[in-house]
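Written below as structure tokens is the structure these notes are about.
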Amino acid sequence: MSSHEPGTTDAYVPQEIEPRWQAAWERDGLYEVDLHADGGKEPYYFLTMFPYPSGNLHAGHWYAETPADAAARYLRMRGYEVFFPMGYDAFGLPAENAAIKAAREGQDVHPARLTRERIATMTRQFRQMGAMFDWSHTLATCEPEYYRWNQWFFVKMFERGLAYRKESTVNWDPVDQTVLANEQVIDGRGERSGALVERRLMPQWHFAITHYADELLDFSGLDWPERVKTMQTNWIGRSEGAEVTFETETGDAVEVFTTRPDTLWGATFLVLAPEHPLVTKVTSDAQRDAVEAYVAQAGAMSEIDRTSETREKTGTFTGGYAVNPVNGARIPIWVADYVLVTYGTGAIMAVPAHDERDFAFARRYDLEVVPVVQGDAPLDGATMEEAYVGDGVMVNSGRFDGTPTGKGPDAGDGIARVIAWLEAEGLGRGTTTYRLRDWLISRQRYWGTPIPMLYCDACGVVPEREENLPVVLPEDVAFMPTGESPLKTHEAFLHATCPQCGGPATRETDTMDTFMDSSWYWLRYLSPDDETRPIDPALAKRWTPVHTYTGGIEHAILHLLYARFFTKVLRDLGWVEHDEPFLRLRNQGMILGSDGEKMSKRRGNVVDPDELVARYGADAVRAYLMFIGPWDQGGPWNDQGIEGVVRFLNRVWALFTADAAPGDASDEAVADLRRATHAAIQAVTEDFDAFQFNTAVAELMTLQNHLSKAKNAGLVAHPAWAEARSAFLRMLAPIAPHLAEELWHRAGEAASVHVATWPEVDRSALVVDAIDLVVQVNGKVRGQVTVAADAPDADVIAAAKAEPNVARYLEDATVRREIVVPGKLVNLVVG
RNA sequence: GCCGGGAUGGCGGAACGGUAGACGCAGUAGACUCAAAAUCUACCGGGGCAACCCGUGCGGGUUCGAAUCCCGCUCCCGGCACCA
């Protein structure tokens, strides 16, 4: 204790160092980038996902932001002009829910006030990170200066048909009192509330993301984790096949979608989704009661009941029949809820012999099974026990008998041949279907961007005029304890003038999904105060696409897919020239409580970064979060783990501040020092390039150990010591920016370490005269020899054989092979 | 069910096909101290006196040599899931 008293001795006191340097950096505008100026450096946009202003920064924010900051700092030292902004995704339910809760309790909390307070708090906390955020370019999406451009884009999209209103069955979250996009429904429950989602038919605004489905499947040129690309690809769910028209006996055409047109001859019944428009028409009088009951029952079920209830398939015969167009067979029409109205055409041809679901259904209801694809052995429709879904040769298929099935020329291309024939005969056509649905953008909530549309009795649905934007979200609202949007009863907001005819009109009270806000915010960071346009095209051209984007994997589908879609829309509207928003994507994992569980107040395993910073300093928290393990894996917090990092920082401090007696520096000792220094530079550089922060910190620890020995050996007066110190501090700078800065200045440097250049590897320092080689006999290590680095193989082998322990194994044996791996080992194969 | 990712000491984790366990935590012993903390030094996968043997989820294979490549499994995590 006594030896650590501040003031009496010179100890490492982060609580003193960190605020001092934070103030100095801010005073000097060290991290502010002049986006217009061409300083001769290559622009580099490094972006990390902006947070929702929840009130306080938690450990997860630190885990997301500080390694990203280190990577951004590294790139800056590598000579790029790095723009690293931060802002707030400030619309959203939690603030509004807090207001509703307060209203129930008779208190007055407004989401706007609450959000602005929270932003102020979090900005203060962000500054304690010592990150190089450029606070001269920030934004909060809840401000009219930002969301007016959401509205502006909405109108542009409306004009192009990319935003449209349609009545559709939607996911209604009864707790949050709003509809949700498909992407926000997890296992039938609302992503936020966890409430069972209900299905409702409502008129809703949509964005036509499906127009871009194929383009969104193309990730070429993107350095993104395979995992994210796969998830998006699965989500879009492209599926190639054919639409075939069946005619019913009532004279109606039923379109079905199939990926297996080569099995058309085996279609023994049709199945319509309960919501299919033709259900009523094809149903016979005899079956009407049963069908109506079934449809009603299916309609009453929630999505989760309908999909996960059982594996058992249910359905009802409609009494109607259709004709199989390829062979004239009369086949029954059924209605069953395993067919989804939202996918394909909402109707299928059932080929029980070659589809597992159809097979199960056919067996349950005793429907005909006709095999039309033969694999290794003939199939018997009456006795087969499971569907044959593999490839084979078409049988029972008229002119196509003998055609190999499957896709691609190698497989015989049966599918393509059947499609060509269907098209020629006018029976169907090749087509592609997607799982992806259009983006449902309407939310029945207050705290979001008002959708800038009006309803006029005379003109219908009309967009607000550009000059009237923004449609300001009124702040003088009363929150309902029910959660109903206060916009619905706000007279001044509701009653407006029709932009077209000047007559009375009613405003749309729905607001936009907050994912709209995050679909273009990085472009607004470039010119957040521009009142004339959403994006500055010159700045966008210079700085975007974003070079590196970091954030949580939980946004793999939602935010990242919407952002890609919106970028393509912006391109088509002429605002950007590129197709993709983010060139390189890296995801961090989740930081867990020390019990390995997700941090939560309920579990009591939350670590509070403010407390940690107060106790250990921001640098220690940063370094520990980087050291804990691979960034993309995340992992549990460990209270003892951070102590190890604190010890490391203390040793670094002592290494460069405590005096040491200079002594004789042998050539060998100097060479060792330089080798350790440059080996570390090489390793740390590679680690930063690969986002491997944990091994970068470990390398610095190793170098610190080396330097500590060199110092004790009296090398401090040698130039190699100054070289090592300089390199060490520059490599420490991205990780522990305050400590590095302090020691850098104490070492006599005038400028900030954060504008220093990254150290270069001197390859000559890595060269060694003598190397230790491992000697193996039959692949097992039996000894070590030291040889000259440039020794020819013959000498190396001779030395290996001479090693006493190796020689023992060679006595009664013949050496059959001699393998020399330069610089690594010798393996003698005997037998 | 399908598609990803993973499994390495007591713990977090390292390891271009080339000495498995870097770095750190915990632990053991020692130095300093009246003592403790802090700090420093050494040891630290298992077995064995030793030579050596065993060891990267399991079973095979390729290779002079496999944590790493291939085949077949088990378990864990994530995504999708009656998608025709």
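A, B, ... follow the sequence lines: proteins, then strands. Residue 1 opens every chain. We use all heavy atoms of the structure for the numbers below, so side chains are in, but hydrogens, waters and symmetry mates are not. What you are looking at is a predicted structure, and each value in this text was computed from that prediction instead of being measured.
- To the nearest whole angstrom, the two C1' atoms, one in B:rA51 and one in B:rU56, are 26 Å apart.
- In B:rG9 the base sits syn relative to the sugar, since the glycosidic angle is no further than 90° from 0.
- OP1 or OP2 of B:rU19 has not a single side-chain nitrogen or oxygen of A:R782 nearer than 4.0 Å.
- By the 6.0 Å contact criterion, NE2 on A:H706 is open, its count of non-hydrogen atoms from other residues, nucleotides or ligands being 12 or less.
- Counting any heavy atom pair closer than 4.0 Å across all strands shown, A:P636 reaches no nucleic acid atom.
- Close to B:rU39, at under 4.0 Å from its OP1 or OP2, lies no side-chain N or O of A:R651.
- Distances were taken from every side-chain heavy atom of A:T695 (C-beta onward) to each of B:rA14, B:rG24, B:rC82; the shortest belongs to B:rA14.
- Computed from coordinates, the A:E226 CD to B:rG5 C1' distance equals 12 Å when rounded to whole Å.
- Remark: B:rA29 base-pairs with B:rU41. Criterion, Watson-Crick or G-U wobble with two distances under 3.5 Å.
- Checked against B:rA84, B:rG24, B:rA20, the side chain of A:I348 finds its nearest nucleotide in B:rA84.
- For the P atoms, the distance linking B:rG57 with B:rA7 amounts to 7 Å, nearest Å.
- Test A:V373, A:V418, A:V370 against A:W265 for side chain to side chain contact (heavy atoms under 4.5 Å, CB included) and you get one pass: A:V418.
- In the set B:rC23, B:rA84, B:rC25, the nucleotide with an atom closest to the side chain of A:D355 is B:rA84.
- Close to B:rA84, at under 4.0 Å from its OP1 or OP2, lies a side-chain N or O of A:S239.
- To the nearest angstrom, C1' of B:rC82 lies 16 Å from CZ of A:F359.
- One can place NZ of A:K598 at 11 Å from P of B:rG78, the figure rounded to the nearest angstrom.
- With both pairing distances under 3.5 Å, B:rG9 is matched to nothing as a Watson-Crick or G-U wobble pair.
- With both ends at atom P, the span from B:rA15 to B:rC69 equals 14 Å, rounded to whole Å.
- Between the side chains of A:Y294 and A:T314, at least one donor-acceptor pair of N or O atoms lies under 3.5 Å.
- No side-chain donor-acceptor contact under 3.5 Å links A:Y624 and A:D619.
- As judged by a 4.0 angstrom heavy-atom cut-off over every strand, A:V821 is placed among the base-contacting residues.
- By the neighbour-count criterion of 12 heavy atoms within 6.0 Å, atom CZ of A:R238 is densely surrounded, having more than that number from other residues, nucleotides or ligands.
- Note on A:N694: a side-chain N or O is less than 4.0 Å away from OP1 or OP2 of B:rA14.
- Between A:R227 and B:rC3 there is no side-chain polar atom (N or O) within less than 4.0 angstrom of OP1 or OP2.
- Of the side-chain N and O atoms in A:Y809, one or more sit less than 4.0 angstrom from OP1 or OP2 of B:rC52.
- Rounded to a whole angstrom, the distance from the P atom of B:rC49 to that of B:rC40 is 35 Å.
- For A:L825, whose side chain is taken as the heavy atoms from C-beta onward, the closest listed nucleotide among B:rA22, B:rC3, B:rU19 is B:rU19.
- A:R429 has a carboxylate O that lies under 4.0 Å from a charged side-chain N of A:E255, or vice versa, which qualifies the two as a salt bridge.
- Qualifying salt bridge (Lys or Arg N to Asp or Glu O under 4.0 Å) partners for A:E811, counting only residues two or more places apart in sequence or in other chains: none.
- Rounded to a whole Å, the CD1 atom of A:I557 is 12 Å from the C1' atom of B:rC3.
- Look at CZ on A:R808: it is 15 Å from P on B:rA50, rounded to the nearest Å.
- For the pair A:N705 and B:rG24, the criterion of a side-chain N or O lying under 4.0 Å from OP1 or OP2 is met.
- Remark: A:E356 CD is loosely packed, at most 12 non-hydrogen atoms of other residues, nucleotides or ligands lying under 6.0 Å away.
- The phosphate of B:rA26 has OP1 or OP2 within less than 4.0 Å of a side-chain N or O from A:R647.
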So if I define the base as every atom that isn't primed, P, OP1 or OP2, how would nucleotides 60-70 of chain B read as a B/S/- string at a heavy-atom cutoff under 4.0 Å? ----B------
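- The partner of B:rG18 is B:rC64, by the rule that a Watson-Crick or G-U pair needs both atom distances under 3.5 Å.
- Summarising the geometry, the separation between CG on A:L436 and C1' on B:rC80 is reported as 14 Å, rounded to the nearest angstrom.
- For A:F627 and A:F693, the distance between ring centers is not under 6.0 angstrom.
- Here the separation of B:rA66 from B:rA20, taken at their C1' atoms, is 11 Å to the nearest Å.
- For A:R435, counting side-chain heavy atoms from C-beta on, the closest listed nucleotide (B:rG12, B:rC25, B:rA81) is B:rA81.
- The separation of B:rG12 from B:rG27, taken at their C1' atoms, amounts to 16 Å, rounded to a whole angstrom.
- Within 4.0 Å (heavy atoms only), A:Q784 reaches at least one base atom of the nucleic acid.
- Rounded to whole Å, the separation between the P atoms of B:rU74 and B:rC58 comes to 15 Å.
- Distance noted for atom P between B:rG45 and B:rA22: 8 Å (whole Å).
- Taking the ring centroids of A:F656 and A:F728, they lie under the 6.0 Å cut-off.
- If you find the closest nucleotide of RNA chain B to A:Q640 and to A:V781, the one lying nearer the 5' end belongs to A:V781.
- The side chain of A:N805 contributes an N or O atom lying less than 4.0 Å from OP1 or OP2 of B:rC52.
- Pairing partner, B:rG4: B:rC77, with both Watson-Crick or wobble hydrogen-bond distances short of 3.5 Å.
- Distance, A:Q633 CD to B:rC76 P: 18 Å, rounded to whole Å.
- Take the nearest nucleotide of RNA chain B for A:I553 and for A:D358: the residue whose nucleotide is more 5' is A:I553.
- A:F627 places its CZ atom 8 Å from the C1' atom of B:rG13, with the value rounded to the nearest Å.
- Side-chain contact check for A:N805 and A:R808: at least one donor-acceptor pair (N or O, by modelled atom type) lies under 3.5 Å.
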